[in-house]
**Student:** 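Please see the structure below; I have some questions.
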2 protein chains.
Amino acid sequence: MSTKRKVYYCPVEFTLDQIAGKWKILIVLQLRFGAKRYTELIKKVRGITPKMLSQHLKDLEQQGIIHRQIFAEIPPKVEYSLTKEGEKLFPIIDSLAQWGSVNMEKEKGSEIV
Amino acid sequence: MSTKRKVYYCPVEFTLDQIAGKWKILIVLQLRFGAKRYTELIKKVRGITPKMLSQHLKDLEQQGIIHRQIFAEIPPKVEYSLTKEGEKLFPIIDSLAQWGSVNMEKEKGSEIV
DNA sequence: CCGTATCCGAATAGATACTG
DNA sequence: CAGTATCTATTCGGATACGG
C-alpha cells in the first residue's frame, strides 16, 4: 500500500514517494491523451505486465490521480482517466520529456542493444 | 551499473531510468545550493546510508550529472558539485517541488507518524 | 576524512497461467 | 475484457567492518 504515513522533510521527497517507480508516470502519460481501457494500456505502456498495471492503477486511484469508470456491459468495459489532480502532474511530465529529448540525442552514436 | 543500453520508446521513459530511485534527485537537490562534501551529504540527505550515497554519487558522476573534485590535502577532501548537465535537472526538481507543496498541504489533517 | 566490501533480509519486479 | 494467483528473479537497502 502506498498509504504508509511518514514524515517528509521536503516536498520533493514527498512527490518522489508518490510517483516513484518506472510505471506510474508512464501510465499517466498515456492517459493524458484520453481515457483508456485496461487492454489498451497494456499495449501502450510498453513492457508492463498485467500485475504491475493492476497494482499501479489501484495505487493511482487511491491517490486520486486517476478515475476508474465501470460500464455495466457485456463484454465488461472499464475506462481509466485522469482526475483534475492527475492533470496537475503534466508539468512534471513535460520537464521529464524535455530533459529526456535533449539527453537521448547525446546517446546517439553509442550503440543501442 | 546504470550503463545498460536499452531501447527507449520515449524521452520520459529515458529520463525516468536516469533519475529513478529515491536518492538521485535528493542528492542533486542538495548540490543545488552549492558544492558539498561526502560527510555533509550524509547529513543533509536524510536517511541515506554511506553505501547508497557512494553508489549514487558514482552513478551520477558517470552520467555526467555531478563533478567530483579531489583536493590533495591532509585530511583528504572531496567535493561534489553539479555539472552544466546536472543544472538542467532544475526544472524537473522545481515541478516536483511545486506538486509536492500543494499535495502535502492536503495531507494536513491526516496523522503523520 | 572518505569512502569500499561483504553479507543478508526485505521489498519489487517480472513471467506465466488462470478466473469471473 | 479485465483482471488475480503464484512463483521466481532481481534489486534495494541497512548493518557492520574495514582500507587509503
Side-chain angles (χ1 to χ4, degrees), chain A residues 1-9 13 16-27 30-31 34-63 66-81 113, chain B residues 1-9 13 16-27 30-31 35-63 66-81:
Chain A
M1 294 298 104
S2 55
T3 32
K4 317 173 218 174
R5 301 260 167 245
K6 43 173 292 201
V7 188
Y8 292 101
Y9 302 102
E13 192 184 353
L16 286 174
D17 247 43
Q18 295 291 303
I19 63 172
K22 46 187 288 204
W23 297 123
K24 284 186 182 167
I25 287 288
L26 294 177
I27 292 169
Q30 287 305 325
L31 295 180
K36 289 208 167 37
R37 305 173 64 167
Y38 186 86
T39 316
E40 292 180 275
L41 285 171
I42 287 276
K43 283 179 217 147
K44 295 274 190 177
V45 183
R46 304 197 61 153
I48 199 168
T49 58
K51 177 184 170 182
M52 287 296 110
L53 184 55
S54 297
Q55 214 168 84
H56 289 297
L57 286 173
K58 207 169 289 179
D59 269 13
L60 289 167
E61 194 190 356
Q62 282 184 353
Q63 293 171 253
I66 64 173
H67 174 69
R68 181 173 186 269
Q69 179 158 18
I70 308 161
F71 296 88
E73 300 176 1
I74 305 292
K77 177 173 169 182
V78 181
E79 263 189 8
Y80 295 92
S81 56
V113 177
Chain B
M1 294 301 103
S2 55
T3 33
K4 321 173 217 175
R5 301 259 169 243
K6 45 172 291 200
V7 189
Y8 293 101
Y9 303 103
E13 192 185 354
L16 287 173
D17 247 41
Q18 295 291 303
I19 62 172
K22 47 187 287 205
W23 299 123
K24 284 187 182 168
I25 287 288
L26 294 177
I27 293 169
Q30 287 305 325
L31 295 180
K36 288 208 167 36
R37 305 174 63 168
Y38 185 87
T39 316
E40 290 179 276
L41 285 171
I42 288 276
K43 283 179 218 147
K44 295 274 190 178
V45 183
R46 305 195 61 150
I48 200 167
T49 57
K51 177 185 171 180
M52 288 295 111
L53 183 55
S54 297
Q55 214 168 83
H56 289 297
L57 286 173
K58 202 171 294 179
D59 270 13
L60 289 167
E61 194 190 356
Q62 283 183 353
Q63 293 171 252
I66 64 173
H67 174 69
R68 182 173 189 269
Q69 178 158 18
I70 308 160
F71 297 86
E73 300 177 2
I74 305 291
K77 176 174 169 183
V78 182
E79 263 189 9
Y80 297 92
S81 56

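These figures come from a predicted structure and were not determined experimentally. In what follows, every chain begins at residue 1, and chains take the letters A, B, ... in the order their sequences are listed.
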**Student:** Does a side-chain N or O of A:W23 approach OP1 or OP2 of C:dG14 to a distance below 4.0 Å, or not?
**Tutor:** yes
**Student:** Between A:T39 and D:dA2, does any side-chain N or O lie under 4.0 Å from OP1 or OP2?
**Tutor:**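 For A:T39, the contact criterion (side-chain N or O under 4.0 Å from OP1 or OP2 of D:dA2) is met.
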**Student:** Please name the pair of heavy atoms, one in B:D59 and one in B:K24, separated by the smallest distance, quoted to 0.1 Å.
**Tutor:** OD2-NZ, 3.3 Å
**Student:** Using atom CD1 of B:I42 as one end and atom P of D:dT16 as the other, report the distance to the nearest whole Å.
**Tutor:**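 It works out to 15 Å between those atoms.
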**Student:** With sugar-phosphate meaning primed atoms plus P, OP1 and OP2, does A:F71 contact a base, only sugar-phosphate, or nothing at under 4.0 Å between heavy atoms?
**Tutor:** nothing
**Student:** What is the distance from atom NE2 of B:H56 to atom CD1 of B:I19, rounded to the nearest 0.5 Å?
**Tutor:** 12.5 Å
**Student:** Measuring from A:Q69:CD to A:R37:CZ, what's the distance to the nearest 0.5 Å?
**Tutor:** 12.0 Å
**Student:** Please step through side-chain contact (heavy atoms from CB on, under 4.5 Å) for the pair A:Y38 and A:L41, ending with a clear verdict.
**Tutor:** CA-CA 5 Å; A:Y38 186 86; A:L41 285 171; 5.9 Å; no
**Student:** What is the per-nucleotide protein-contact pattern of nucleotides 15-20 of chain C, from the 5' end, where B denotes a base atom under 4.0 Å from a protein heavy atom, S denotes such proximity for sugar-phosphate atoms only, and - denotes neither?
**Tutor:** B----B
**Student:** Which whole-number value in Å describes the distance from A:I48 CD1 to D:dT4 P?
**Tutor:**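 Interatomic distance, CD1 of A:I48 to P of D:dT4: 13 Å.
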**Student:** For a 4.5 angstrom cut-off between non-hydrogen side-chain atoms, does B:I27 reach B:I48?
**Tutor:** yes
**Student:** If you only use heavy atoms from C-beta on, which nucleotide in C:dG14, D:dA2, D:dG3 is closest to the side chain of A:K77?
**Tutor:**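 Closest nucleotide to the A:K77 side chain: D:dA2.
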**Student:** Kindly give the heavy-atom pair with the smallest separation between B:Q30 and B:K36, and that separation in Å.
**Tutor:**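 In this case the closest contact between B:Q30 and B:K36 is O-NZ, 3.5 Å.
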**Student:** Send over the distance from B:Y38 OH to D:dG19 P, rounded to a whole Å.
**Tutor:**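 Rounded to the whole Å, the gap is 17 Å.
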**Student:** I want to check something: taking the side chain as every heavy atom from C-beta on, are A:R68 and A:I66 in contact at a cut-off of under 4.5 Å?
**Tutor:** no
**Student:** Of all the nucleotides listed (D:dA2, C:dG14, C:dC2), which has the minimum atom distance to the side chain of A:M52?
**Tutor:** C:dG14
**Student:** Taking all heavy atoms of B:L31 and all of B:Y80, pick out the closest pair and write down the distance.
**Tutor:**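 Shortest heavy-atom separation between B:L31 and B:Y80 comes out as CD2-O, 3.4 Å.
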**Student:** So, is B:K58 close to the C:dG3 phosphate, meaning a side-chain N or O under 4.0 Å from OP1 or OP2?
**Tutor:**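 It does not, given that no N or O in the side chain of B:K58 lies less than 4.0 Å from OP1 or OP2 of C:dG3.
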**Student:** Between atom CD1 in B:I27 and atom P in D:dG13, what is the gap in whole Å?
**Tutor:** 11 Å
**Student:** C:dC2 P sits how many Å from B:L41 CG, rounded?
**Tutor:**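 Going from B:L41 (CG) to C:dC2 (P), I get 10 Å.
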**Student:** Side-chain N or O of A:K36 versus OP1/OP2 of D:dC1: is the shortest distance under 4.0 Å?
**Tutor:**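 Looking at the OP1 and OP2 atoms of D:dC1, neither is under 4.0 Å from any side-chain N or O of A:K36.
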**Student:** For C:dG3 and B:Y80 - does any side-chain N or O of the residue sit under 4.0 Å from the phosphate oxygens OP1/OP2?
**Tutor:**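 Answer is yes, contact under 4.0 Å.
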**Student:** Rounded to the nearest Å, what distance is computed from the CD atom of residue B:Q55 to the P atom of nucleotide C:dA5?
**Tutor:** 11 Å
**Student:** Taking atom C1' of D:dG3 as reference, at what distance in whole Å does atom CG of A:D59 sit?
**Tutor:** 16 Å
**Student:** According to a strict under-4.0 Å criterion, is B:R68 in side-chain N/O contact with OP1 or OP2 of C:dG3?
**Tutor:** yes
**Student:** Could you give the distance from CH2 (B:W23) to OG1 (B:T49), rounded to the nearest 0.5 Å?
**Tutor:** 7.5 Å
**Student:** Between A:P75 and A:S54, who's closer to the 5' end of DNA chain D by nearest nucleotide?
**Tutor:**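 This one resolves to A:P75.
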**Student:** To the nearest 10°, give me the bend of the helix from C:dG3-D:dC18 to C:dG20-D:dC1, comparing the axes of its five terminal pairs at either end.
**Tutor:** 40°
**Student:** Whole angstroms only, please: what is the CD1-C1' distance between B:I70 and C:dG3?
**Tutor:** 11 Å
**Student:** Between D:dA2 and A:R37, is there an OP1 or OP2 to side-chain N/O distance shorter than 4.0 Å?
**Tutor:** yes
**Student:** Pair A:R46, B:E13 - check side-chain contact (heavy atoms from CB on, under 4.5 Å), show working.
**Tutor:** CA-CA 10 Å; A:R46 304 197 61 153; B:E13 192 185 354; 5.8 Å; no
